[in-house]
Amino acid sequence: MEAHTLAPEEHFIREEPYYEPVGQEIGIFEAAYRNKLPVLLKGPTGCGKTRFMEYMAWRLKRPLITVSCHDDLTASDLVGRFLVKGGETVWVDGPLARAVRAGGICYLDEIVEARKDTMVVIHPLADDRRALPMEKLGTLLEADDNFCLAISYNPGYQSVLKDLKQSTRQRFVALEFNYPAAELERKIVSTESGVAPEIAEKLVKFAQMTRNLKGSGLEEGASTRLLVHAAKLIASHIEPVAACQSAIAQALTDDEEMLAAVQELSSSLF
Ligand code: ADP
């Protein structure tokens, strides 16, 4: 049996990612990391959680292994499995096992989407034990000192089925993320896309209007990510109303009336 692992250096982030701090998140994450505490990032989609993790991995000089969780993701997908290769049965580590061995940062994005059995492997890693049960190998893999577990969760999508249990959430240091304040969001949008500050300002205003529609027609307002997308289209000479429609409105909803209402909002600004 052979342990096939991806070289951890494949996940090192070599260049400093552009990240604008929104509060004390950098200091708190660093303190949690030094104390071997796992971290929970809470917040809506597209508000900077992934970028923050890339920035922290670069800052702490640790490899980052990100897993986007989905409803078919099982504990074996995270831990690993036996595969038959050329007539031989070999063990292949999953991404979580690779991070645990290599002392990397494992970021499980949208953890509540994953199958419930994933919690069985996450819990012992997220408390004092810091060990990964590898059921199929019959071993308990102790985490390297530099290993860090981070998970994200969007409280906005909460439902009885998709809620994070107290027994899970109470293991983590939680950092709350939200859309950056207007001035900061303008800076992020123009830095990421190269559009003029006046355009960034209008896009942020537009986003705020859509965020006010959350709950009355829209499931979520426009995220910072969508603003950056629209800004990039505008920087590539797409007319702003069309850019807002394709990059923002159509991404938010399929409802014809809502689309018309959102288009009116962008026409009133641009
Ligand atoms: P999430 O992981 O929360 O869904 P991302 O981290 O992918 O969101 O953020 C989406 C985009 O928004 C990023 O690619 C980046 O362009 C921009 N962004 C959001 N917040 C920040 C920030 N604080 N600093 C720099 N860029 C940001």
Side-chain angles (χ1 to χ4, degrees), residues 17-23 41-55 66 68-72 107 109-113 152-159 161-163 176-270:
Y18 167 61
Y19 180 71
E20 293 283 351
V22 289
L41 312 184
K42 290 203 268 186
T45 182
C47 71
K49 300 185 294 299
T50 304
R51 182 62 65 87
F52 172 68
M53 288 308 302
E54 289 164 355
Y55 175 76
T66 299
S68 298
C69 300
H70 52 79
D71 52 10
D72 268 342
Y107 175 45
D109 193 11
E110 296 283 358
I111 187 72
V112 287
E113 297 294 333
S152 80
Y153 156 69
N154 180 354
Y157 293 149
Q158 224 170 32
S159 74
L161 284 174
K162 294 265 167 91
D163 201 358
E176 194 188 9
F177 282 74
N178 215 324
Y179 309 121
E183 201 176 318
L184 195 60
E185 196 168 36
R186 289 201 288 271
K187 186 174 173 197
I188 292 170
V189 169
S190 59
T191 308
E192 287 278 277
S193 66
V195 294
E198 311 83 75
I199 301 280
E201 186 175 349
K202 286 184 184 175
L203 283 170
V204 169
K205 265 197 195 134
F206 175 59
Q208 285 166 341
M209 290 171 171
T210 67
R211 288 167 195 168
N212 290 334
L213 291 174
K214 183 177 170 171
S216 40
L218 286 183
E219 205 177 320
E220 288 269 334
S223 63
T224 311
R225 178 194 295 127
L226 294 188
L227 296 190
V228 170
H229 288 178
K232 284 181 173 168
L233 294 185
I234 295 170
S236 298
H237 313 294
I238 300 294
E239 187 260 320
V241 175
C244 286
Q245 198 64 7
S246 292
I248 302 177
Q250 294 285 356
L252 290 177
T253 181
D254 299 320
D255 182 284
E256 291 297 331
E257 273 179 35
M258 219 44 225
L259 283 170
V262 174
Q263 175 141 26
E264 225 165 90
L265 291 179
S266 63
S267 312
S268 71
L269 282 167
F270 289 102

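- Interatomic distance, NZ of K49 versus CG of N154, reported as 6.0 Å (0.5 Å rounding).
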Kindly indicate, with the supporting measurements, whether the criterion side chain to side chain contact (heavy atoms under 4.5 Å, CB included) is fulfilled by L252 and L226.
CA-CA 9 Å; L252 290 177; L226 294 188; 3.8 Å; yes
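- Taking every heavy atom of both residues into account, Q263 and S266 meet most closely at O-OG, 2.9 Å.
- Closest heavy-atom contact between F177 and C47: CB-SG, 3.6 Å.
- In this structure, E220 CD and K214 NZ are separated by 4.5 Å, a value rounded to the nearest 0.5 Å.
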Passes side chain to side chain contact (heavy atoms under 4.5 Å, CB included), L259 versus Q245? Steps please.
CA-CA 8 Å; L259 283 170; Q245 198 64 7; 4.0 Å; yes
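- Looking only at side-chain heavy atoms (C-beta outward), P180 and T224 come within less than 4.5 Å of each other.
- Distance check: L41 CG to M53 CE gives 6.0 Å after rounding to the nearest 0.5 Å.
- Heavy atoms only, all atoms of each residue included: N212 and S216 are closest at O-OG, 4.1 Å.
- Atom CD in E185 sits 5.0 Å away from atom CG in L227 (nearest 0.5 Å).
- The two residues Y18 and I188 come nearest to each other via the heavy atoms OH-CA, 3.6 Å.
- The distance from the CD atom of E201 to the CD atom of E198 is 8.0 Å, given to the nearest 0.5 Å.
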